[in-house]
Amino acid sequence: MNHFSQFFTFLVIVLATSYIDAFTRNDFPEDFLFGAATSAYQWEGAVDEDGRTPSVWDTFSHSYDRGNGDIACDGYHKYKEDVKLMADMGLEAFRFSISWSRLIPNGRGPINPKSLLFYKNLIKELRGHGIEPHVTLYHYDLPQSLEDEYGGWINRKIIDDFTAFADVCFREFGDDVKLWTTINEATIFAIASYGEGVAPPGHCSPNKFINCSTGNSSTEPYLAAHNMLLAHASASKLYKLKYKIKQRGSIGLSIFAFGLSPYTNSKDDEIATERAKAFLFGWILKPLVFGDYPNEMKRTLGSRLPVFSEEESEQVKGSSDFVGIIHYTTFYVTNRASASIFPIMNQGFFKDMGVYMISTGNSSLFEWEATPWGLEGVLEHLKQSYNNPPIYILENGTPMKHDSMLQDTPRVEYIQGYIGAVLNAIKNGSDTRGYFVWSMIDVYELLSGYTTSFGMYYVNFSDPGRKRSPKLSASWYSGFLNGTIDVVSQDSTQLQSNFSASSSL
Ligand code: NOJ
């Protein structure tokens, strides 16, 4: 099929399957932010340049045979080029993270002046192009020195070190950064990094699937998440006391949020779904909004679930100005015996949650089925159960084989479906304020290295220059943001001709 007929087929599919009404950028509030995201280790490269020291992610990726972030997209050197791509695309916001071990090479102590310059330049470049920076402080990349010294997030010492790191960021960058996320996808970070061993630093109990050098899957995820909540609350308190009046920014914590829906309409499956929501959302959101863990978790976990002192509970409660949502896919939930969606462990979070999660469609490592109604359900649940907090969708997108065509039609279809779901949720009263595509460009992927990617720009990772080429999704997003695309009656000829001009790998 040639480009045009491919695109035309796609358009027909979208028209035929779309369950949303037509919409444009203008249907969203003016101050709603549309952006795209990356993270430091996945985008920057330059891992041993200008004073940066290794993080647990460097160590983790070098212990597996699935590539590493040594060079990644070389964003450290190519940031100006990337900001230009963002500006050309009409991006309103860019979410990136700060490499702690670049900024403070030993995790604690002296600041690295070259890294200060890098992040200040990046922020200046963004602002110069009218792009709002959304900064994540922690995205899987603890300085290795702190992991070696005391075990990182499973030790309460992390609270002080994280707060000191946050203090440097607020002080140095806060005049130009109004949106801060303290920790990326706290829930899945605790589960994948401390229970299943599939993300850095790779802790888990001994098992036959993954060779973790240390860990306890029954306790560490809960301990790590507890310390994340306390570290977030401490950084947030500091921001409010020392910076907020002058800098006028907001600070939030983010969770990974699967769409969850009962498999059948049986009472059992409904109860199982409520339990899954308590474990997957309430674990972090109940403390943030109400000051304590969900009863379902307390009952199941007993002494394995840490306890907040009265003072801690007060500090955690209300510590997030917004909730960050990382959303990709939806599962049906049933009350059958539990199993992990990661390699099956006979202990840990998924066992404790005690439900069985069934994929809603033909999702695979290479493509995820778009189920926008799942995100709408998450936003409705948060509105109803957590006092309608301000929300930013900090990540949403779909992976495809890295070397697949630049015509990433399934991604366009996926993204526009989810943007439609966000609009529906807003119309139903959700206080959602922003949406970020993961990812702005192809990056080193957390679970799949360079085999799959989510980017709207293709990056040729075999080219030393790391050439970027726009995919169809970049043209689509650009047209949507510039108001030239109405999701149902978009100007296909225009989009296709814009795209064809640069569509070879
Ligand atoms: C989760 C993480 O925040 C990010 O690092 C990862 O690459 C994407 N989502 C895709 O899995």
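Numbering of ligands and ligand atoms starts at 1, following listing order.
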One pair to check against side-chain contact (heavy atoms from CB on, under 4.5 Å): W153 and Y194. What are the steps and the verdict? CA-CA 9 Å; W153 287 97; Y194 293 94; 3.4 Å; yes
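The nearest protein atom to atom 2 (C) of ligand 1, hydrogens excluded, is given as E185 OE2, 3.3 Å; this is a heavy-atom distance.
Taking 4.0 Å as the cut-off, N184 counts as a neighbour of ligand 1 on heavy-atom distance. Ligand 1 is never approached by F256 to a heavy-atom distance shorter than 4.0 Å.
Within ligand 1, counting atoms from 1 as listed, the ones closer than 4.0 Å to a heavy atom of H139 are 2 (C), 3 (O), 4 (C), 5 (O). Atom numbering of ligand 1 starts at 1 in the shown order; those under 4.0 Å from a heavy atom of Y328 are 8 (C), 9 (N), 10 (C). For ligand 1, the atoms lying closer than 4.0 Å to a non-hydrogen atom of Q42 are 4 (C), 5 (O), 6 (C), 7 (O). Less than 4.0 angstrom separates some heavy atom of E445 from each of these atoms of ligand 1: 6 (C), 7 (O), 8 (C), 10 (C), 11 (O).
D82 and W43 are linked by a side-chain donor-acceptor pair at a separation below 3.5 angstrom, with hydrogens and angles left out of the test. Side-chain contact of N184 with T136: a donor-acceptor pair under 3.5 Å is absent, judged by distance alone. Side-chain contact, H139 with E185: no donor N or O sits under 3.5 Å from an acceptor N or O. For the residue pair T59/Q144, the side-chain donor-acceptor check at 3.5 Å is satisfied.
Residue-to-ligand polar distances keep Y140 apart from ligand 1: every N/O pair is separated by 3.5 Å or more. Ligand 1 has an N or O atom lying under 3.5 Å from an N or O atom of E395, backbone or side chain.
Heavy-atom minimum distance, V355 versus A276: CG2-CB, 4.2 Å.
Looking at M89 and L91, their side chains come closer than 4.5 Å, going by heavy atoms from C-beta outward.
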